[in-house]
Amino acid sequence: MCGIAGFIDASLNHDEKSIVLENMLEKIAHRGPDARGKWYHESVALGQNRLSIIDLSEDGNQPMHYQSASIVFNGEIYNYLEVREELKSKGYQFKTGSDTEVILELFAQKGAGSLASLNGMFAFAIYNRTTGELFIARDHFGIKPLFYTQINGAFAFSSELKTLVHVPGFNKTINPKSLVSCLNYIWISGNESMFKGCYKLPPAHYISFNKTTG
């Protein structure tokens with residue numbers, strides 16, 4: 001189990017982005033005791049609390065970068081060795097033994113089509129510095145959680161709902177429909193959450209957000 005979080009918010013300066021991301025990651029510190037990584041680029045901030053599973057070295061720390069793409073990832077890809085060999089046959093030279101690097105290179109080749117090749121439990125976010133696109137995705141059965149919200153042109157995501165409360169402008173208004181569902185069934189159905197305007201990414205889904213077009 002790892003914890004990921006990040007956002008795109010052009011209204012914040014670097015120091016403000018640093019404070020917001022650190023507060024977000026601290027709220028999910030229990031998800032990854034082995035390392036904490038943070039990365040900033042213009043209006044973008046990505047972070048991860050890491051629980052080392054496959055590649056235990058520092059080379060597997062995140063965010064991880066390849067060409068113009070950067071990734072934060074929570075989960076495990078069961079068939080990553082098979083996919084790794086396929087990528088190696090096409091000439092890619094791996095620098096780590098992690099499944100994170102496999103996702104990053106596969107996505108560079110296939111984009112959203114790469115999800116069909118991944119067998120595992122995962123939630124990840126990839127930001128492309130060239131296109132300005134942030135891509136988030138969740139595994140086919142929704143084993144790994146992922147929440148997101150949009151606030152006044154900004155976009156934020158996290159492994160846990162409570163993390164997003166630290167995003168500037170977050171609406172803390174309770175969603176009455178979700179409250180009733182939770183009280184009756186101890187479960188919130190669909191893609192809604194306990195807060196208005198904040199959502200769960202459904203299983204087997206992905207969305208993308210562009211810092212220019214929204």
Side-chain angles (χ1 to χ4, degrees), residues 1-52 57-75 96 98 100-101 103-104 107 123-137 144-173 193-201 207-214:
M1 178 175 69
C2 298
I4 62 173
F7 56 86
I8 297 179
D9 191 341
S11 70
L12 303 178
N13 61 37
H14 179 78
D15 290 341
E16 291 169 333
K17 289 200 301 287
S18 179
I19 292 171
V20 171
L21 185 61
E22 178 61 24
N23 287 338
M24 294 174 75
L25 292 174
E26 188 60 29
K27 278 295 182 182
I28 51 174
H30 61 281
R31 299 185 69 92
D34 296 324
R36 176 172 297 180
K38 293 176 284 187
W39 176 80
Y40 308 95
H41 176 75
E42 297 178 347
S43 59
V44 180
L46 298 178
Q48 189 225 33
N49 291 323
R50 183 187 180 197
L51 176 65
S52 304
S57 72
E58 292 184 359
D59 291 338
N61 286 347
Q62 300 176 36
M64 188 176 289
H65 313 280
Y66 173 68
Q67 295 179 348
S68 62
S70 301
I71 185 174
V72 285
F73 161 59
N74 169 33
T96 76
S98 71
T100 308
E101 188 179 8
I103 298 172
L104 195 55
F107 188 83
F124 65 80
I126 295 178
Y127 177 71
N128 188 309
R129 296 186 299 278
T130 300
T131 64
E133 180 184 65
L134 178 66
F135 178 95
I136 65 172
K144 293 300 181 180
L146 196 58
F147 295 86
Y148 69 93
T149 187
Q150 287 186 249
I151 305 170
N152 299 324
F155 181 91
F157 69 90
S158 178
S159 296
E160 295 190 20
L161 179 61
K162 64 185 178 183
T163 308
L164 296 176
V165 175
H166 291 278
V167 176
F170 183 83
N171 183 1
K172 297 180 182 179
T173 302
S193 78
M194 191 60 72
F195 295 105
K196 284 187 176 181
C198 188
Y199 305 96
K200 296 178 291 185
L201 186 66
I207 62 173
S208 61
F209 179 87
N210 192 288
K211 69 177 184 178
T212 302
T213 60

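No hydrogens, no waters, no symmetry mates; every other heavy atom, side chains included, goes into these values.
- Remark: F107 pairs with F135 by the ring-ring contact (aromatic ring centres under 6.0 Å, His included) rule, at least two apart or across chains.
- To the nearest 0.5 angstrom, M194 atom CE is 10.0 Å from K200 atom NZ.
- Between S52 and D34, the shortest heavy-atom distance links the atoms N-OD2, 2.7 Å.
- For F195, the ring-ring contact (aromatic ring centres under 6.0 Å, His included) partners at least two apart in sequence or on another chain are F170.
- Counting heavy atoms from C-beta outward, R31 and I4 have side chains that stay 4.5 Å or more apart.
- In this structure, the side chain of T96 does not engage the main chain of G60 through any donor-acceptor pair within 3.5 Å.
- With sequence neighbours excluded, the residues forming a salt bridge (Lys or Arg N to Asp or Glu O under 4.0 Å) with K162 are E160, listed by chain and number.
- The two residues L146 and A137 make their nearest non-hydrogen contact at CD2-O, 3.7 Å.
- Nearest heavy-atom pair across A5 and L21 is O-CD1, 4.0 Å.
- Residues C198 and L164 come closest through the heavy atom pair SG-CD1, 3.5 Å.
- In this structure the side chain of V165 never reaches within 4.5 angstrom of the side chain of K27, judged on heavy atoms.
- A search for ring-ring contact (aromatic ring centres under 6.0 Å, His included) contacts involving F124 returns F122, not counting sequence neighbours.
- Residues satisfying the side-chain hydrogen bond (donor to acceptor under 3.5 Å, both in side chains) test with E26, not counting sequence neighbours, are R36.
- For N23, there are no side-chain hydrogen bond (donor to acceptor under 3.5 Å, both in side chains) partners two or more places apart in sequence or in a different chain.
- A distance of 5.0 Å separates CE in M64 from OG1 in T100, rounded to the nearest 0.5 Å.
- By the side-chain hydrogen bond (donor to acceptor under 3.5 Å, both in side chains) test, S11 is found to be paired with D9, residues two or more places apart in sequence or in another chain being considered.
- Of the inter-residue distances, the one linking H14 atom NE2 with I19 atom CD1 reads 10.0 Å to the nearest 0.5 angstrom.
- Residues passing the side-chain contact (heavy atoms from CB on, under 4.5 Å) test with P168, sequence neighbours excluded: L12, V20.
- When F147, F209, F155 are each tested for a side-chain contact (heavy atoms from CB on, under 4.5 Å) with I136, only one passes: F155.
- In this structure, the side chain of N49 engages the main chain of I28 through a donor-acceptor pair within 3.5 Å.
- Scanning for side-chain hydrogen bond (donor to acceptor under 3.5 Å, both in side chains) contacts around K38 gives E22, with sequence neighbours left out.
- Using cut-offs of 30° and 60° for the angle between ring planes, the Y127 and H41 rings count as tilted.
- Evaluation of the salt bridge (charged side-chain N to carboxylate O under 4.0 Å, His left out) test over residues 144-157, restricted to residues two or more places apart or in two chains, returns none.
- Taking CD1 from I151 and CG from N171, the interatomic distance works out to 8.0 Å, rounded to the nearest 0.5 Å.
- Nearest approach of S18 to Y40, heavy atoms of both residues: CA-OH, 3.2 Å.
- With hydrogens and angles disregarded, a donor-acceptor distance shorter than 3.5 Å links the side chain of R129 to the backbone of Q67.
- For N13, the side-chain contact (heavy atoms from CB on, under 4.5 Å) partners at least two apart in sequence or on another chain are D15, E16.
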| task | Mind running side chain to side chain contact (heavy atoms under 4.5 Å, CB included) on M24 and V167 for me, showing each step along the way? | result | CA-CA 8 Å; M24 294 174 75; V167 176; 4.1 Å; yes
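- Here the side chain of Q62 pairs no donor or acceptor atom with the backbone of Q48 at under 3.5 angstrom.
- For K17 (side chain) and E42 (main-chain N/O), a donor-acceptor pair under 3.5 Å exists by modelled atom type.
- Scanning for ring-ring contact (aromatic ring centres under 6.0 Å, His included) contacts around H30 gives an empty result, with sequence neighbours left out.
- Of all heavy-atom pairs spanning S159 and C2, the tightest one is OG-O, 4.2 Å.
- With respect to L134, the side-chain contact (heavy atoms from CB on, under 4.5 Å) criterion is satisfied by exactly one of L46, N128, V44: L46.
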